[in-house]
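Below is one structure; the comments refer to it alone.
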Amino acid sequence: MSKKLLTAEHIHKHYRIGPATLKVLHGATLAVHAGEFLAIRGASGSGKSTLLHILGSLDSPDGGTVVYDGIDLFALGNRERERLRCMEVGFVFQFYHLLPELNVIENVLLPSMIASGVLTWPFARRKAKDIAHEVVARVGLGERVSHRPAELSGGERQRVAIARALVNRPKLLLADEPTGNLDRKTGKEILDLLSSLNEQGQTIVMVTHDAQSAGYAHRCVNLRDGKIEDDTDTNVPGRP
Amino acid sequence: MYKLFLTLRYLRKRRIAIFAVISVWLCVAMVIIVGSVMGGFLDTLKERSRGLLSDIVVDNATLQGFPFYQEFIEHLHRKLPDVVDTATPVIYNYGILRIEATSFTKPVRVVGVRLDEYKRVNDFGNSLFYDKYYPGTTSLDEQWKPYAGFDEHDTAILPPDHEQALQRFAERNPDDEKLRDWKRLPNRPFEGPGNFDVNFDGIPGYFGEERDKAPGIIVGCNIINERAPGTGEYRRSQPRGSKLIVTILPLTITGKVGIEGATTVVTRLADDSRTRVFEIDDVCCYVDFKRLQEWLLMSPQPLEDGGETPARASQLLISLKPGVDTIEGRKLVDAEWEAFRASVADRVSRLDHRLMSFVEVETWEERQVQFIAAVEKERILVTALFGVISMVAVVLIGCIFWMIVVQKTRDIGIIKSIGASARGVAMIFVGFGVAVGVLGAALGAATGSLFVWYINDIQDFLVSLDPNLRVWSPDVYTFDSIPNVVKVDEVLVICLIAVVASAIGALIPATIAGRVWPVKALRYE
């Protein structure tokens, strides 16, 4: 068994909606191993996206700890956490979340720019661009680098989002319903792409409500009533 | 790097930012135009005030004046030879001016000057019309009227001294507009500079009996001349040498009207003066110092004990040697006045002593401080008002950035989700504000400066379309043209304020943008 890259223990999270309190997570615990493709399944509104956001430090838990590569994420200061989010974690969202003013290559380059300062960028730019072009080619959009998101299909946009998530070569890729907004065929292409990335060593945590999508993962956990219910080796049954 | 990249990209792609840029642009241009025109007005006024007074003014602000002025002048030359250049006495009083030919009357301020000295202590010489075109012909001494005549070709000519003077001027000033376009044509009256009566016998010169001679008077150009609408050029309705009757009220040393009552004297128009300060050109006329002193009984008057009163002057104007600081000069002159007053204390009467005790020594700027301060305050007030109006731009930028931040909330979440810091996100929007400010300020500075530089041409163009569009009429204002000097340092300060204001306008929305949790921003619909 490879070493644990990420562990989340006893994660609690609630939201206030007016006078009511909505308890989303209460005591969710899971571990992600390096090189693993983990799927988190759950019904709509079960808190799986919330859990993923907490794992990636996009949101903070009310209780519990998240340890990434031996570092307690929420014991870090904001700057360190932002730095870690930039360099160590890549996010892929259901709605792609690309910046509409930027073209494909600019969207993909953005994390490299964030990682670089104004003074160091002139020296880092060439290498960053080479990597961005390489990543864009890997996701099959080498011919569309100058297109804006509005000129791309849903599947292509998600590929751009994946390329952006990968450009800083993060150890962990978090994908939140990456096929949720795509048709079946395009969704399959995206899942194939994620599988292929995983085969190349990329650790992936994917949130999905779809059993077939979850089937692409090595392991699938269910989130029910705010807790991780079971932890199953899927043996990739859904993978064609 | 992403901050600069996104700032510039948003500036290019967010069309709403154009409105922010335009508002900064217009506000900067507006403040530059108002500040430059008002500042130019003030600078010109200061320049002219200095030119019309002198470095130092000594007076006691009474119509009776003060005695021993000549002794004090000599005292100054003796004690401060390296400080005082020229000192000249001046008398001020009020009177009524009547043009004999038209019976037109006007209240005037009568100023007695020693013309040569007066021209040395200030720029008065440059304000004289006839002295410009006919140098050396202006005098306050007794004089006849000069008549134009005709030569053997029936071309109008002036008396020889005038013709020679005009020739000298023309040689020195070949580009003078008045002379450049002027051609003498036969059988036409004299159409050169000024207004001269014609001797229809044909011979130019000065005619009359000795009793027709009268002291010269220089009148403020607005007193007897009219200005042509539109061009503002003066039309000299009275020929040079015309009789002007001045009525003045001599005062005793105690300030009462003298027993002889009003004094009426006949003078001849020697010249007109255009200082370009309305308050002076509209009321002041200048006669010889000694004559006015006599007319006003300010010359030595016999006393019952066989002695006589000392002569009095209203004011002393002192010009300092080049390089002498005005304030320092004023302090030295003031100290000398106190020393002088003490030195003559034993031989002055009680009344003279009283008049001398009122004397104050001031610099030209201190003298005009009330007037200059009023205009300066007006300038500050107007600029501040426009500055307040410009605050609208800051609010507008705040609103626009608020809208942009609201529109971009999801982008903010995206940027933060890929590692951008709260400060970095805030800096994108502050940078956006600064970029809007820099762009707007640059456009405003260029537009405002160009507008000010060409303000007179713009007005001329508008007037060519419709004469009613003239906003700065030279026949109303003493300035021929709208001040059009742009001060680079002021423009830079205005631009800096605009940039800072734009950044402030963007700061609150930017701070809010920076603080938003990425996950909240990503969920934003």
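Chain identifiers are assigned alphabetically (A, B, ...) following the order of the sequence lines, protein sequences preceding nucleic acid strands; residue numbering begins at 1 within each chain. These figures come from a predicted structure and were not determined experimentally.
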Start with the C-alpha gap between B:I415 and A:L99, add the side-chain angles, then the distance that decides, and say whether side-chain contact (heavy atoms from CB on, under 4.5 Å) holds. CA-CA 9 Å; B:I415 297 162; A:L99 297 188; 4.1 Å; yes
Step by step, would you call B:R9 with A:E106 a side-chain contact (heavy atoms from CB on, under 4.5 Å)? CA-CA 11 Å; B:R9 185 52 59 94; A:E106 287 166 343; 2.8 Å; yes
Would A:E101 and B:D411 count as a side-chain contact (heavy atoms from CB on, under 4.5 Å) if you check the C-alpha gap in whole Å, the side-chain angles of each, and the deciding distance to 0.1 Å? CA-CA 10 Å; A:E101 283 89 357; B:D411 285 15; 3.7 Å; yes
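Among all heavy-atom pairs drawn from A:C86 and B:G419, the shortest one is CB-CA, 3.6 Å. Of all heavy-atom pairs spanning B:S417 and A:F91, the tightest one is O-CD1, 3.4 Å.
Interface residue A:S57: only backbone heavy atoms are found under 4.5 Å from chain B. Both the backbone and the side chain of A:L102 come within less than 4.5 Å of a heavy atom of chain B.
Judged by distance alone, the side chain of A:R164 and the main-chain N or O of B:I418 form no donor-acceptor pair under 3.5 Å.
For A:R148, the CZ atom counts as densely surrounded, since its 6.0 Å shell holds more than 12 non-hydrogen atoms of other residues, nucleotides or ligands. Atom CZ of A:R138 has more than 12 neighbouring heavy atoms from other residues, nucleotides or ligands inside a 6.0 Å radius. The environment of B:I327 atom CD1 is dense: over 12 non-hydrogen atoms of other residues, nucleotides or ligands sit within 6.0 angstrom. For CZ of B:R423, the number of neighbouring non-hydrogen atoms (other residues, nucleotides, ligands) closer than 6.0 Å is 12 at most. Other residues, nucleotides and ligands contribute at most 12 non-hydrogen atoms within 6.0 Å of the CZ atom of B:F19. Shown here is A:W121, whose CH2 atom has more than 12 heavy atoms of other residues, nucleotides or ligands within 6.0 Å.
With rounding to the nearest 0.5 angstrom, the CG atom of B:L6 is 5.5 Å from the CG atom of A:L110. With values rounded to the nearest 0.5 angstrom, B:K416 atom NZ is found 11.5 Å from A:I114 atom CD1.
Options A:G90, A:A124, A:P100, A:P170 differ in how many heavy-atom pairs under 4.5 Å they form with chain B, and the most are formed by A:P100.
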